[in-house]
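Just so you know, residue 1 is the first one in the sequence shown, and it goes up from there. As a basis for the values below, the full set of heavy atoms in this structure was taken, side chains included, without hydrogen atoms, waters or symmetry mates.
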Amino acid sequence: MVAGPELISPKSSRVAAARRLGKRNFRTKERLFLAEGPQAVREAAGHSSAGEATLVELFATVEAAERYAGIIDAAHKAGARVQLADETVIADISTTVTPQGLVGVCRFLDTPFEQILAAQPRLVAVLAHVRDPGNAGTVLRCADAAGADAVVLTDASVDLYNPKSVRASVGSHFHLPVAVGVPVEQAVQGLKDAGVRIVAADGAGEDDLDDELDKGTMGGPTAWIFGNEAWGLPEETRALADAVVRVPIHGKAESLNLATAAAVCLYASARAQRRNAPRP
């Protein structure tokens, strides 16, 4: 049986410190962010970087602590401070309309871009000028699902640790390396120098994805550049790519949204690369 809540006042200094992480300037200053819900907290509790546990603190309602006892145990094993909190406290910290009773405070996860290049990635998603945090998190989740080696967010893109982005990734923040704040020119040049082909995804692209697959051009190391939700990629960014490829629309839909297009492109590359992989 779990004891009653230790934190019952939203005015607590610890609660106030966690609540401030809903704002980007505080996240950047403290290099901490919030992960909400059982899936994200479970992944955070099992993650570490450079020998340091990612989960620093966990706030949980009594009901959530009982329901997700395994997550609470994992948090304790990770060395996190676990605080049983009143539902009003969780609601005060949470950025969701219907909190799930678990809110974790986590250390930043971003990986230096040079470290990503040194690992010789074969499939990378580059988010250039992506401003919607939900889209950024969903593309990160798609990249994770497709087996990508890394994601790069350029300096013109949304904050990786925005609560909406963290929720949309459903734990994928903790699964693959992500570099942040990289100028798009630097990202492209670094990847090219590492032997990675740069492909810009654009609905008005000169090349058709189906044709590229038929020609066998997608089987090698590839970085896809995805642009802004509303206006796509600027011409100067398109000009940096080795190819500008469109996802073919075979029906009557006007276009695909960013996350859907990213999923199609990343999975197309992943399949082509698996076909080209040497057989054991």
Side-chain angles (χ1 to χ4, degrees), residues 121-154 156-158 160 164-165 167-173 175-176 178 184 187-188 191-192 195-279:
R122 289 187 54 79
L123 183 57
V124 180
V126 179
L127 278 64
H129 315 284
V130 173
R131 303 293 175 83
D132 182 270
N135 278 337
T138 303
V139 174
L140 178 56
R141 184 182 181 186
C142 291
D144 181 19
D149 299 299
V151 173
V152 177
L153 272 73
T154 69
S157 288
V158 70
L160 172 67
K164 290 182 180 179
S165 176
R167 287 198 300 274
S169 84
V170 197
S172 289
H173 270 66
H175 293 167
L176 73 171
V178 183
V184 66
V188 168
L191 289 163
K192 282 186 175 181
V196 179
R197 182 174 182 244
I198 308 299
V199 182
D202 193 294
E206 295 85 0
D207 302 310
D208 182 286
L209 179 59
D210 286 348
D211 292 341
E212 291 291 301
L213 289 168
D214 290 342
K215 290 187 294 185
T217 59
M218 289 293 171
T222 303
W224 282 95
I225 306 180
F226 303 108
N228 181 269
E229 298 85 348
W231 37 264
L233 289 167
E235 181 55 40
E236 56 268 26
T237 301
R238 288 163 50 104
L240 298 172
D242 297 305
V244 182
V245 175
R246 67 183 182 276
V247 176
I249 302 293
H250 300 301
K252 296 180 180 179
E254 185 271 333
S255 63
L256 295 174
N257 64 27
L258 172 64
T260 303
V264 171
C265 295
L266 291 166
Y267 267 91
S269 286
R271 183 180 184 187
Q273 289 178 354
R274 286 199 304 274
R275 283 184 170 179
N276 277 14
R279 295 184 182 275

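Under the 4.5 Å side-chain criterion, counting only non-hydrogen atoms from C-beta, L209 is in contact with V264. For the pair D207 and R246, the minimum side-chain heavy-atom distance is 4.5 Å or more. Between V152 and V124, the closest side-chain pair of non-hydrogen atoms falls below 4.5 Å. When side chains are defined from C-beta on, L176 counts as touching L140, because their heavy atoms get closer than 4.5 Å. In this structure, the side chains of I249 and S255 stay at 4.5 Å or more apart for every pair of heavy atoms. At least one side-chain heavy atom of R197 sits under 4.5 Å from a side-chain heavy atom of T217. Between V178 and H173, every side-chain heavy-atom pair lies at or beyond the 4.5 Å cut-off.
For D149, the side-chain hydrogen bond (donor to acceptor under 3.5 Å, both in side chains) test picks out no residue, with sequence neighbours left out. The side-chain hydrogen bond (donor to acceptor under 3.5 Å, both in side chains) check on R167 picks up T95, with sequence neighbours excluded. Residues satisfying the side-chain hydrogen bond (donor to acceptor under 3.5 Å, both in side chains) criterion with N257, sequence neighbours excluded, are T260. Residues passing the side-chain hydrogen bond (donor to acceptor under 3.5 Å, both in side chains) test with T222: none are found, sequence neighbours excluded.
From N228, atom CG reaches atom CG of L233 across 9.0 Å, with rounding to the nearest 0.5 Å. Atom CZ of R141 sits about 11.0 Å away from atom NE2 of H175, to the nearest 0.5 Å. Separation of atoms OG (S165) and CG (L153) is listed at 7.5 Å; rounding is to 0.5 Å. Rounding to the nearest 0.5 Å places NZ of K164 at 11.0 Å from CG of N135. Here L213 contributes atom CG and S269 contributes atom OG; the two are 7.5 Å apart, rounded to the nearest 0.5 Å. Interatomic distance, CG of D242 versus CG of L191, reported as 10.5 Å (0.5 Å rounding).
Across A223 and V126, no two heavy atoms sit closer than the pair CB-CG2, 4.4 Å. When every heavy atom of G227 is checked against every heavy atom of V130, the shortest pair comes out as O-CG2, 3.5 Å. The heavy-atom pair separating L266 from W224 by the smallest distance is CD2-CD1, 4.1 Å. Summarising the geometry of A143 relative to A125, their closest heavy-atom pair is CB-CB, 4.4 Å, with the distance given to 0.1 Å. Annotation for S172 and D144: closest pair OG-OD2, 2.6 Å, computed over non-hydrogen atoms. Nearest heavy-atom pair, P248 versus D210, reported as atom, atom and distance to 0.1 Å: CG-OD2, 3.4 Å.
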Does the side-chain contact (heavy atoms from CB on, under 4.5 Å) test come out yes or no for I225 and V188, once each step is laid out? CA-CA 9 Å; I225 306 180; V188 168; 3.8 Å; yes
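Remark: the backbone N or O of A145 is paired with a side-chain donor or acceptor of Y267 at under 3.5 angstrom. Not a single donor-acceptor pair under 3.5 Å links the side chain of E206 to the backbone N or O of V245. Judged purely by atom type and a 3.5 angstrom limit, R122 has no side-chain atom pairing as donor or acceptor with the backbone of A270.
Annotation: salt bridge (charged side-chain N to carboxylate O under 4.0 Å, His left out) contacts involving residues 224-236, sequence neighbours excluded, comprise E235-R238. Pairs passing the ring-ring contact (aromatic ring centres under 6.0 Å, His included) check and including a residue from residues 231-251, sequence neighbours excluded, read H129-W231.
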